[in-house]
S.K.: 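What follows is a single structure, and I will ask about it in a moment.
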Amino acid sequence: MAERMGFFTDTTVCIGCKACEVACKEWNDVPDDGFVFRATSYDNTGALGASTWRHVAFVEQDGRWLMSSDVCKHCTHAACLDVCPTGALFRTEFDTVVVQADVCNGCGYCVPACPYGVIDRREDDGRAWKCTLCYDRLRGGMEPACAKACPTKSIQFGPLDELRQRAEERVERLHAEGTTEARLYGADPDNGVGGTGAFFLLLDEPETYGLPPDPVVTTRDLPAMWRWAGGAALALAAGVAVCFAGRKP
Amino acid sequence: MPRRRDEMVPDAEFRSYYGQPVLKPPIWHEPHMPAYLYLGGLSGAAGAMAAAARLTGRDRLELAARMAAFAGASAGTVFLVAELGRPMRFLNMLRVFKLTSPMSVGSWTLAAHSGLTGVAAGSAVTGLLPLAGDAATLASGLTGVAMATYTAVLLADTAVPAWHEGMRELPFLFSGSALASAGAALMLTTPRALAGPARAAAAAGAMAEVVAGGLMERRLGLVGEPYREGRAGRLMRASRALTLGGGLLATVAGRSRTLTALSGLAITAGALCTRFGVLEAGRASAKDPRYTVVPQRDRLDAGQPASVPGR
């Protein structure tokens, strides 16, 4: 297996140009996701989805704008991959999570399983789609299209260990410069998804950017779920037995 | 820098991105998904009842149960395949077996249960291979209890707050509802004098369904709100009234055809309302960022962030 690769998105230097969104669509041939005037901010993309694999959020606050390019997190413990019944979702040699379009049968289970609301089904196509971390480019020794196109190095691509170290240093520097609200999101390997392959440096609470503050991979609790279901199955069997235990007419 | 807690969503004590959902709501369609949940449950419990009838020598009830189990599994499979984005690829469900995917476990369970109930019903109708039919009936009792409960894990094993947090009660809600549904179906298709166990099952299942649903809504607190509000709330209330009424009627339904019909239809309608209501509550709880953000923020504020021990 190759080294684990990922994204470090430093939102402090994002200028909201959306070059990442465009580059992603161009390279990956992602179809139109609609022209919507949302009337909330400069964000006319809305959210990540089947045909939106990079999404620049515009958080307009008093005295400052926060901009952040969101993307699939490529979780260490990926719920979408865990629950996929066909094996269409798989983990690559770069430790990223990718859908095989020729296997996906569009069951839609990955969609509500994702704790970040990333993956979605294209209704006209019937299959689930999301960021591949440009699997094809990685195999060709290139960096993903969004990172390549980012003019401010807000989106950084590389081996995850290196990125985490670089991000720690960046946060320390920001703190020293007085930007005490700087914090990393998703970099901790002990969090509810075992750390993410794509992590972020944020300037406010994650929910402000539309990110879950403390996500959990749903399959963490699956053993308990099967136990409760086993109890219910036994109760059902016992119930049926009792109903049939009486005297025959 | 001034912090306004309410900058995105007025009158809310949590923060979000313009009130947009954090999660993607389940995309499963109506009536496909709730119909499958109902039919799968009906078929599963009917399989268990067919096996019980076989073991206790109740031939007429066994025949009705074999037919109901087969009909439920067949119709359910049609809904399930129609639900897929790529129905022609339904066989990809059997490409792998994954314990981490309740849908994979469920697909294999459904495949086994459909096959067994098909053999059981086919043998009953044609009179061919009676031993194989009997063996399939007994085996469908085992696949049946799995059919009636795995769907609860299917829903709970998502990020949808109202489903995930309901992991304890949902299996009892669904297995109770399945028992009531099968009891109702057998009550309606078996001569009254021979349908005593079906009426007992209908009554007991209905009580289990009502109790499990009530316990779940009470325990979940904020995250249980979607089961009480809006369309989901109306469906869940209708379900409770119909199931409770039908279940109570089942205890006296042996007296007349009218009572039998009323009870059976009320329980069936109640079980359908439960499935539509649970799907709708899941959608509502995923669409409102409150149910995603508030419990997670509370966890962080309490200094107890989530972790994945042992993985």
Side-chain angles (χ1 to χ4, degrees), chain A residues 40 47 57 59 61-64 77 79 82-87 103 105-109 111-115 117 120-121 126-127 190-192 194 205 207-210 212-214 216-222 224-226 228-229 231-233 235-237 239-241 243-244 246 248-249, chain B residues 1-2 7 15-18 20-24 26-28 48-49 52 56 84-86 89-90 92-93 95-96 100-101 103-104 107 145-146 148-150 152-153 156-160 164 167-168 171-172 175 179 193 196-197 200-201 204 286 292-293 296-297 299-300 305-308 311:
Chain A
T40 52
V59 183
Q61 299 178 332
D62 274 352
R64 65 172 183 177
H77 306 308
D82 282 348
V83 306
C84 175
T86 62
V103 177
N105 68 2
C107 75
Y109 199 15
V111 177
C114 173
D120 204 358
R121 188 165 77 182
R127 292 174 294 186
D190 295 324
N191 71 16
E205 286 162 359
E207 54 265 43
T208 321
Y209 297 85
D214 190 35
V216 183
V217 56
T218 182
T219 43
R220 179 193 71 176
D221 303 322
L222 192 54
M225 291 177 208
W226 285 125
W228 284 100
L236 174 59
V240 170
C243 292
F244 281 79
K248 252 194 305 181
Chain B
M1 189 142 322
E7 63 200 301
R15 306 175 76 196
S16 74
Y17 184 65
Y18 303 105
Q20 288 184 194
V22 172
L23 305 172
K24 292 273 181 288
I27 50 178
W28 295 321
M49 290 171 75
T56 57
L84 296 175
R86 289 282 173 110
R89 293 186 179 175
F90 75 96
N92 281 9
M93 286 294 189
R95 194 177 159 264
V96 291
T100 62
S101 171
M103 196 178 289
S104 173
S107 296
V145 291
T149 43
Y150 95 83
V153 183
D157 193 31
T158 61
V160 176
H164 184 90
M167 70 173 84
R168 296 183 192 174
F172 291 92
S175 63
L179 184 60
T292 310
V293 171
Q296 296 188 16
R297 178 51 60 192
R299 215 154 56 207
L300 291 177
S307 62
V308 190
R311 275 182 69 173

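From a predicted model like this one, the values you see are computed outputs, not experimental measurements.
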S.K.: Heavy-atom pairs under 4.5 Å with chain B: which of A:Gly106, A:Ala79, A:Pro112 has the most?
M.R.: A:Pro112

S.K.: Output the option from B:Pro26, B:Ala146, B:Pro197, B:Ala200 having the highest count of non-hydrogen pairs under 4.5 Å with chain A.
M.R.: B:Pro197

S.K.: Which bit of B:Ala152 comes within less than 4.5 Å of chain A, counting heavy atoms only: side chain, backbone, both or neither?
M.R.: neither

S.K.: Do you know which of A:Pro213, A:Ala113, A:Gly126, A:Gly239 has the most heavy-atom pairs under 4.5 Å to chain B?
M.R.: A:Pro213

S.K.: Measure distances from B:Ala286 to the heavy atoms of chain A and classify the residue's part below 4.5 Å as side chain, backbone, both or neither.
M.R.: neither

S.K.: If I measure from the heavy atoms of chain B, does A:Asp120 come under 4.5 Å with its side chain, its backbone, both, or neither?
M.R.: side chain

S.K.: So, does B:Arg86 use its side chain to make a donor-acceptor pair with the main chain of A:Arg127 at under 3.5 Å?
M.R.: no

S.K.: Is there side-chain contact between B:Asp157 and A:Tyr109, with heavy atoms separated by less than 4.5 Å?
M.R.: yes

S.K.: Which residue out of A:Pro85, A:Ala237, A:Ala47 racks up the most heavy-atom pairs below 4.5 Å with chain B?
M.R.: A:Pro85

S.K.: Measure from the side-chain N and O atoms of B:His164 to the backbone N and O of B:Ala159, and report whether any donor-acceptor pair falls under 3.5 Å.
M.R.: no

S.K.: Kindly indicate whether the side chain of B:Arg168, heavy atoms from C-beta on, has any atom under 4.5 Å from the side chain of A:Met225.
M.R.: no

S.K.: Quick check against the 3.5 Å criterion: does A:His77 have a side-chain atom that pairs as donor or acceptor with the backbone of A:Gly194?
M.R.: no

S.K.: Looking at chain B, which one of A:Ala224, A:Ala241, A:Ala57 has the largest number of heavy-atom pairs inside 4.5 Å, strictly under?
M.R.: A:Ala57

S.K.: Is chain B contacted by the side chain of A:Ala229, its backbone, both, or neither, given a heavy-atom distance below 4.5 Å?
M.R.: both

S.K.: Would A:Glu205 and B:Arg297 satisfy side chain to side chain contact (heavy atoms under 4.5 Å, CB included), going step by step from the backbone distance to the final call?
M.R.: CA-CA 10 Å; A:Glu205 286 162 359; B:Arg297 178 51 60 192; 3.5 Å; yes

S.K.: Heavy-atom distance under 4.5 Å to chain B: side chain of A:Ala235, backbone, both or neither?
M.R.: side chain

S.K.: Give, as side chain, backbone, both or neither, the part of B:Arg95 having an atom under 4.5 angstrom from any heavy atom of chain A.
M.R.: side chain

S.K.: Between B:Val160, B:Asn92, B:Leu23, which has the largest tally of heavy atom pairs under 4.5 Å with chain A?
M.R.: B:Asn92

S.K.: What part of A:Cys114 is in contact with chain B, defined as an atom under 4.5 angstrom from a non-hydrogen atom: side chain, backbone, both or neither?
M.R.: backbone

S.K.: Is there a donor-acceptor contact under 3.5 Å from the side chain of B:Ser104 to the main chain of B:Thr100?
M.R.: no

S.K.: Can you tell me if A:Trp226 uses its side chain to pair, donor with acceptor, with the backbone of B:Tyr150 under 3.5 Å?
M.R.: no

S.K.: Run the side chain to side chain contact (heavy atoms under 4.5 Å, CB included) test on A:Val59 and A:Gln61 for me, step by step, so that the C-alpha distance in whole Å, both residues' side-chain angles and the decisive distance to 0.1 Å come before the verdict.
M.R.: CA-CA 6 Å; A:Val59 183; A:Gln61 299 178 332; 3.9 Å; yes

S.K.: Quick check on B:Ser107 against chain A: is it the side chain, the backbone, both or neither that has a heavy atom closer than 4.5 Å?
M.R.: neither

